[in-house]
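Counting starts at 1 for both ligands and their atoms, following the listed order.
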Amino acid sequence: MSTDARDHTLDHTFDHSPGHSPEQPGGHVLDDLLSRAADLDANAPLSGIRDRFTLPEGVIYLDGNSLGALPTAVTEVVHDVLERQWGERLIRSWNEADWWGAPTRIGDALGRLVGAATGQIVVTDSTSVNLFKALMGAARLRPGRTVVLTDPDSFPTDLYMTDSAARLAGLEVRRVHPRDAVRAIHEAGDSLALASYSQVDYRTGEKWDLVSITEAAHAVGALACWDLCHSAGAMEVDLDAGGADLAVGCGYKYLNGGPGAPAFLYVAQRHLADFDQPLTGWHGHARPFEMGPSYAPAEGIARGRVGTPPLISMLALEAALTAYDGLEPAQVRAQSLSVTEAFIGALDALGVDLPLATPRDPDRRGSQVSLRHPQAFAVVQALIARGVIGDFREPDIIRLGFAPLYVTHVDAVNAAAHVQAVLDGREYERPEFAERGAVT
Ligand SMILES: *Cc1c(COP(=O)(O)O)cnc(C)c1O
C-alpha cells in the first residue's frame, strides 16, 4: 500500500535527497505515514471525488485556494457554450439557454454550499466590486451611523475598497483585528454601521467566528458583512443560520470556477427590499427591456447585478459547482480538517520544526496551512521545482492550500516530506530560487 502511495506522486525526487530512502529511519516514518494516509483516502467520505477533476500528473496541487483545479465537467459545458449556444444559436441563447437567468440561478446553486436559502445570492462581477456594493449598501441601510470596522490584515483589495467606500459614504474606517472585533463593536456602539471581516484570513488561514462578531454587530444595531473568499466551498458557512447580513466571495478559489470566474454577493432576505447598491446598471433594473430613462431596482437579489456578465466564465462556474453534487458542506469540512491534520501531523512526525502561522486547533483554521520561514519565497520556489505547488505571501509565509475535493491524505504526507527535503537539503539557497518575478 505504501508503495502505491509513493508511486502516486513524486517518488523519484526523494532518490536525490539523502536521508529519505526507505532503508533509513526517516524512510520508515514516511512509509508508515503514507500507509496510514492511503487507508484514510480509501475510507474517506470524499473518496473518489478527486476523479471529478482533471489534474496534471506528477503535481501535488496546494494552491486551490488561489486558483481551483479544473473540474472535468467544465470542459464539456464550455464546449457546448461555445459551439452550440454561441456558435449556432447565437443571440437566441439569452432566452433558450436562459443566459439571462444565469447569475441568480447559479447563485441559488451556490447558496447550498454557504448555508443560504434561495433568492439571496447573485453570481456577478469580481469580489472587489461586490464588496463595494455591499459596503455602500450597508451604509445606506444604516444612515447616520459613522463607523465601519475591518481587519488591518485583510486582503488588500478589501482594505482599498473599504477606504474608498468610506470616503464616498462619509464613514470612518477603524482597522481592528478580528480577535478584538467584539470589543471594538461595543466601543463604537450606535455609531457603528458595519463590521466587515473575512471568515478565514488569506495569509495565516486562521478562521474567525462569524456568529459572535455578527451577533455583537446586531447587538448595537449594526450590520455584518463577511468575505468568504477562503471559506466558500471548503467548509460550512451557515450565512442564514449565523445571521449574516451581507457577504461576498470568490468563484475561482475553492469553488473551481476557473481563472477570472465571477464572484458572488449575498444579501439576507430581510434587507433585500431596502438594499440600495450604488452600481445601478441595466441588468439590475426591474424592467431592463423597457429601456426607460431612469433606474428602478429589480425585486430581490437581481438588484445586485450591474452589466452584461461574462457568460462563458459564468457557465463554467455553474458546471464547476457540479463537483459538489451529493456532498454536504459538513463532509467537505471534515475532509479538509482531516487532510490538513495529516499534513501537520506528518511535519511533526518528520521533525520539520517551522513555525505554523495557522492555528493547530481545528476549530480555528480554514483549509490551508501556512508556515513561516525567513526565506519563504525561495522555499516555495524549491517546492514548485519538486512539483509541490503552493504560494508565497509577504513577508515570510509559505502558503499551502488543501482543497478538500481533490487533495488527498497521501498528497498531504508527500508534501510534508518534500518540505522536509527542501529544508534538510537547503535547496532554498540555490540561486535560481532567489529571483522574484513580477507574478508570485
Ligand atoms: C481572492 C480574494 C479577493 C479577490 O478579489 P477579486 O476582486 O475577485 O480579484 C478579494 N478578497 C479576498 C479576501 C480574497 O481572498
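- Between R270 and D245 there is a salt bridge, with a side-chain nitrogen of the basic residue lying less than 4.0 Å from a carboxylate oxygen of the acidic one.
- Nearest heavy-atom pair, P329 versus R112, reported as atom, atom and distance to 0.1 Å: CG-O, 3.7 Å.
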Query raised in the report: Between D153 and R203, does a side-chain contact (heavy atoms from CB on, under 4.5 Å) hold up when you go through it step by step?
Result: CA-CA 8 Å; D153 294 333; R203 215 167 355 202; 4.1 Å; yes

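- In this structure, atom 11 (N) of ligand 1 lies nearest to the protein heavy atom D158 OD1, 2.8 Å.
- Residue S126 has at least one heavy-atom neighbour below 4.0 Å for each of these atoms of ligand 1: 7 (O), 8 (O).
- Both the backbone and the side chain of S128 come within 4.0 Å of ligand 1, judged by heavy-atom distances.
- Considering backbone and side-chain N/O of H230, one or more are found under 3.5 Å from N/O of ligand 1.
- Nearest non-hydrogen protein atom to atom 8 (O) of ligand 1 is T127 N, 3.2 Å.
- The two residues G68 and Y61 have their closest heavy-atom pair at C-CE2, 4.5 Å.
- Polar contact with ligand 1: present for D227 (N/O pair, distance under 3.5 Å).
- When all heavy atoms are compared, the tightest approach of L279 to Q277 is N-OE1, 2.7 Å.
- Between Y406 and F53, the ring planes are tilted. Angles from 30° to 60° get that label.
- Residue, atom and distance of the protein heavy atom nearest to atom 15 (O) of ligand 1 are K253 NZ, 2.6 Å.
- Closest to atom 4 (C) of ligand 1, if we only count protein heavy atoms, is Y252 OH, 3.4 Å.
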